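The structure appears below as C-alpha cells.
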Amino acid sequence: MESLQLTRLLFCKPCLKLPKLAPTLAFGPFRHVGFGSLSRNRAKNGCLIARSSVDIGGGDGGGYGGSNTHEGSSAVEDEKEEQRGFLLGPERDVSGSVVGFNLIPPSGEQAVIESHEDVASYGVEESEDIEGEKKAATRVTYNIVFVSAEAAPYSKTGGLGDVCGSLPIALAKHGHRVMVITPRYQNGTAADKKFAGAVDVDCRIKIPCFEGVQEVSFFHEYREGVDWVFVDHPSYHRPGNPYGDSNGAFGDNQFRFTLLCYAACEAPLVLPLGGYTYGENSLFLVNDWHAGLVPVLLASKYRPYGVYKDARSILVIHNLAHQGVEPAATYKNFGLPPQWYGALGWVFPTWARTHALDTGEAVNVLKGAIVTADRLLTVSKGYSWEITTVEGGYGLQDLLSSRKSVLDGITNGIDVTEWNPSADEHLTCHYSADDLSGKVQCKIDLQKELGLSIQPDCPLIGFIGRLDYQKGIDLIQAAIPELMEDDVQFVMLGSGDPQYENWMRAAETTYKDKFRGWVGFNVPISHRITAGCDILLMPSRFEPCGLNQLYAMRYGTIPVVHATGGLRDTVETFNPYAQGGSGEGTGYVIVPKLLAWMVFLGHGSKLFPPNIVVECTVRWTFSPLEKESMLGALRTAVMTYRQHRSSWEGLMRRCMEKDYTWENAATQYEQIFEWAFLDPPYVG
Ligand SMILES: Nc1ncnc2c1ncn2[C@@H]1O[C@H](COP(=O)(O)OP(=O)(O)O[C@H]2O[C@H](CO)[C@@H](O)[C@H](O)[C@H]2O)[C@@H](O)[C@H]1O
C-alpha cells in the first residue's frame, strides 16, 4: 500500500513560555489575560522540527514522526483480515451500517506552519461577582473540535445536526475556541448554498485508506464565534442526504466517514484558522459512529509517535442503534495497524448470524470509539443508564458498563432563538406564555395550509420525526383507525422508511378530513406544526434525548411521550393532585396516577378547588409502550383540553417557562471536559 508523505514544519517553543494573546482568541464574554499550553511544549522542548515525510496513516501502519519502524499491515496481514468473518446479505440501517442482528434477542433466545503561539488550553479570565466588582477567576478554556456527520444549518437530518449546530456556539460564548468539522455536502439542490459562506482555505491533505490515497481539502467559515470547517471530497457530492438517497443508505459510508475522521485528526494540526492552529492539546468531541474512528486514530496512529499525547476525546452518543458495523474483512480499509483490530472487532451473537458458516465477525466503529475515547457521554442521564442494560445497550451494554466510571449524560438544550414562538420567522402569528392568544391563529393557519377543516376547538395532535422503528411509527399506525373515530385531527411530518411513508399517504386518503401525512423533510412546516398543534405525540421506543418535545414545550404544545430515555427526563407527569392540591382531594390520590386522573375527569372539577390543577406540574407519560396505553394517554390529554381549559392553559404556561437553553447544558459539558483532562488519555 502506498504511503502518504506530507510536508510539515513544526515550530515548538521552550517549555513554560507563555505566549502572547492571540487576537483571534479574544472572542466570547471572557477576556483571556494569560494562558499557556504546558504539556504540548513538554513533548517537543524548544526546538524547531522540520518534518517532511509525515505519514498520517500509510500502509506501513505508521503514524506521526515519519517513523518506519512501526510494524506495517503487510499484504499477508491484509489476507488474514480478509478471512475474518464474512456476512452474507447484510441488513443495513438508514445510515448504511450493517445491522444484521436483532439487537433485542428474539424470544426464546437471549506545508503547514503550526502555531508557535500555541492556543490556550488554560486561561485566567475576568468575571464579575454579584456586587459587580471585577475579580480574577481561574477558568479553564479548551480548544474544542466537534466531529460530526451533520451540523445545522449546513446539514441536518435530525437531532444530531441540531446539537452540532448549537452547542458549539454556546461553548464558544463561554470563551472556548471551537471548531466543528463536518463534510461539505453538495447534492445539487438549493441546499448547496448553505455552504456558500465557506471559503477554500487552500489546504489539501492526502489520506491513505481503502488501499489507496485520497485527497481532501478544507473549507472554512467563521460564524458566531465558531470555526466551521468543511471537509471536501467528491464522495460528499451527490444527490440525497448525508447518509443515503431514495435507494437507501449509500454503500460507501464507511469510506466517507473514514475520510472525515482522518481529516478531523489533521485539521487541528494543519489549519491555521485565524492565523493559529488548534494544536495538539485539542479536545475532540466525536459524535456518533460517523466520527468514531477519531479516538481510535488518536490512540493508534498519533500518540505512539508523540502527537496528541495530551489531547482528549469524548464520545457523544446520540443514538446507540447505529454503530457503523461492516464485515470484518473491511478492517483493512481503515488503514489502521493490524494489532488494533481488537478495538473494533465485534462478534455477532449466534442467534444474529445469517447462516451456519457465518462466524459473526465484524468491525464496529462505535465499539472502537467506546473502547478508546477518554470519556463517554450521552444526551440525557436516563439514556446513559439505559445503554448499560440489555434492553438499551444494543449489544454493547457490557462494554459500556465496564466504562461506567467515565460515562455521563447531559440533556440537550435547544436553540431558543430559532425556536421562539414570539418571533418565529416561519409563523405569521406569534405568542408567548404571557399572551397565548396567538396560538389558536397558528392552529387555524396550519389547518388551512394542510387543507384540514378549520376547527379551532378540535384537538390537533402532531408528530414530527424520522420514520423509523425507534420513533414508534408502527404504534401510531396501529392506533390511527381507533383514534380517527374520536373528534380529533392528526398531522404527521416525516421521512424515512418507505413503508411508513406509503402508509402516511394512504392514511391521508382514508381519513381525508382528519389526517394529514406530510412526507418529506421540511423545517418551516415543522415549526408550524409545533406551534399549531395542541398535543405532540412521541411514542419512541427509545429516545436518547429527543428535541421535539423540548420544542413543543417551548411552544405550549403538550407532549404525550413514552417514558423512556430523555423523554422521561424532560417530561414530567401531569398530576392534578400535586403541589398546593395535595391533601385537598377526596381520597382518590392513592390509586394509580392514570386511574386517579380518570376519576377526576369523570367527576368533574367541582371535586377539587381550581388551584389544584393550576399548581400541578406537567403532562402525561405512558408506559409500557403499547397501543392501548398510548391511546389512553392521548385521550386523557384530549379530555383535559376539552373539559379543563384552565388546567390546560396552566400546562401550557408551565411548559413554556421551562429552561432548556444550551447555556445550561454547556456548563455541564465543561465539567466533563475538566474530568477528561484530569485522567490520563487512553493509550491502548
Ligand atoms: N421531516 C422532518 N422535517 C423537518 N424537521 C424534521 C423532520 N424530521 C425530524 N426533524 C427535525 O429533526 C430533529 C429531530 O431530533 P430528535 O432529537 O427528535 O431526533 P433524532 O432521532 O434525529 O436524534 C438523535 O439525536 C438527538 C440529538 O442528540 C437526540 O435528541 C435523539 O434522541 C436521538 O435519537 C428535530 O429538530 C426535528 O424537528
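Bear in mind that the values here come from a model prediction, so they are computed numbers and not experimental data.
The backbone N or O of Arg256 sits less than 3.5 Å from a side-chain atom of Tyr236, completing a donor-acceptor pair. In this structure, the side chain of Asn287 engages the main chain of Leu285 through a donor-acceptor pair within 3.5 Å. Remark: side-chain polar atoms of Ser313 are not paired, donor with acceptor, to backbone N or O of Ala373 under 3.5 angstrom. Remark: side-chain polar atoms of Asp358 are not paired, donor with acceptor, to backbone N or O of Arg353 under 3.5 angstrom. The backbone N or O of Gly395 sits less than 3.5 Å from a side-chain atom of Gln397, completing a donor-acceptor pair. Side-chain atoms of Gln549 come within 3.5 Å of backbone N or O of Cys545 as a donor-acceptor pair. Here the side chain of Lys301 pairs a donor or acceptor atom with the backbone of Gly335 at under 3.5 angstrom. Listed for the Arg312 side chain is a donor-acceptor partner under 3.5 Å among the backbone atoms of Asp310. When atom types are taken as modelled, the side chain of Tyr262 and the backbone of Lys206 share no donor-acceptor pair closer than 3.5 angstrom. A donor-acceptor pair under 3.5 Å is formed between the side chain of Tyr331 and the backbone N or O of Tyr341.
Under the ring-ring contact (aromatic ring centres under 6.0 Å, His included) criterion, Phe195 pairs with Tyr154, Phe230, sequence neighbours left out. Legend: residues meeting ring-ring contact (aromatic ring centres under 6.0 Å, His included) with His233, ordered by chain and number and at least two apart, are Phe255. Residues meeting the ring-ring contact (aromatic ring centres under 6.0 Å, His included) test with Tyr682, sequence neighbours left out: none.
The shortest non-hydrogen separation linking Ala676 to Ile314 is CB-CD1, 4.2 Å. When all heavy atoms of Leu293 and Leu336 are compared, the pair lying nearest together is CD1-CD1, 4.2 Å. In terms of heavy-atom proximity, Leu320 sits nearest to Tyr383 at N-OH, 3.1 Å. Pro327 approaches Val363 most closely through the heavy-atom pair O-CG2, 3.6 Å. Asn281 and Phe677 make their closest contact through O-CZ, 3.7 Å (heavy atoms, listed as atom of the first residue, atom of the second, distance). Smallest separation of non-hydrogen atoms from Leu259 and Cys209: CD2-SG, 3.9 Å.
Using a 4.5 Å cut-off on side-chain heavy atoms (C-beta onward), Val379 and Pro544 make contact. Taking 4.5 Å as the limit, some side-chain heavy atom of Glu386 sits within range of a side-chain heavy atom of Arg568. Considering only heavy atoms from C-beta on, Leu407 comes within 4.5 Å of Thr378 through its side chain. Taking the side chain as every heavy atom from C-beta outward, Cys261 and Leu297 approach each other to under 4.5 Å. With a 4.5 Å cut-off on side-chain heavy atoms, Asp474 and Trp503 do not count as touching. Counting heavy atoms from C-beta outward, Thr157 and Pro242 have side chains that approach closer than 4.5 Å. Two residues are said to be in side-chain contact when any heavy atoms from C-beta on lie closer than 4.5 Å; Asn241 and Phe521 fail this criterion. When side chains are defined from C-beta on, His220 does not count as touching Leu271, because their heavy atoms never get closer than 4.5 Å.
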Step-by-step side-chain contact (heavy atoms from CB on, under 4.5 Å) determination, Val296 to Val365
CA-CA 9 Å; Val296 183; Val365 176; over 6 Å; no

Step by step, would you call Leu396 with Arg403 a side-chain contact (heavy atoms from CB on, under 4.5 Å)?
CA-CA 11 Å; Leu396 295 174; Arg403 302 218 65 200; over 6 Å; no

For a side-chain contact (heavy atoms from CB on, under 4.5 Å) check, start with the C-alpha distance between Thr570 and Val561, then their side-chain angles and the critical distance, and finish with the verdict.
CA-CA 10 Å; Thr570 55; Val561 304; over 6 Å; no

Would Tyr185 and Glu150 count as a side-chain hydrogen bond (donor to acceptor under 3.5 Å, both in side chains) here? Give the steps.
CA-CA 9 Å; Tyr185 301 111; Glu150 50 184 285; over 6 Å; no

Going through the distances and angles, do Val145 and Val294 end up as a side-chain contact (heavy atoms from CB on, under 4.5 Å)?
CA-CA 11 Å; Val145 181; Val294 168; over 6 Å; no

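Once rounded to the nearest 0.5 Å, the distance linking CG of Asp408 with NZ of Lys404 reads 12.5 Å. Separating the CG atom in Leu678 from the CG atom in Asp374 is a distance of 12.0 Å, to the nearest 0.5 Å. Here the straight-line distance linking atom OG of Ser495 with atom OH of Tyr500 works out to 14.0 Å at 0.5 Å rounding. For the atom pair Ser540 OG and Tyr469 OH, the distance stands at 12.0 Å (nearest 0.5 Å). The distance from atom CE of Met538 to atom CG of Leu567, rounded to the nearest 0.5 Å, is 5.0 Å. Considering CG of Asn412 and CG of Leu547, their distance stands at 5.0 Å, rounded to 0.5 Å.
Side chains of Asn253 and His290: a donor-acceptor N/O pair is absent below 3.5 angstrom, by distance only. Judged purely by distance below 3.5 Å, without hydrogens or angles, the side chains of His322 and Asp288 never pair a donor atom with an acceptor atom. For the residue pair Glu280 / Tyr302, no side-chain donor-acceptor distance below 3.5 Å is found, with atom types taken as modelled. Using a 3.5 Å distance cut-off with no hydrogens or angles, the side chains of Asn319 and Gln470 do pair a donor with an acceptor.
Among Trp346, Phe542, Phe348, the one residue that satisfies the ring-ring contact (aromatic ring centres under 6.0 Å, His included) test with Tyr394 is Phe542. Of the residues Arg184, Arg204, Gln186, the one that meets the side chain to side chain donor-acceptor pair (under 3.5 Å) test with Asp232 is Arg184. Among Tyr308, Phe146, Phe673, the single residue meeting the ring-ring contact (aromatic ring centres under 6.0 Å, His included) criterion with Phe284 is Tyr308.
Look at Lys471 and Asp497 and you find no salt bridge, because none of the NZ, NE, NH1 or NH2 atoms lies under 4.0 Å from a carboxylate O.
Taking the ring axis of Phe250 as reference, the NZ or CZ atom of Arg238 stays within 45° of it and closer than 6.0 Å to the ring centre.
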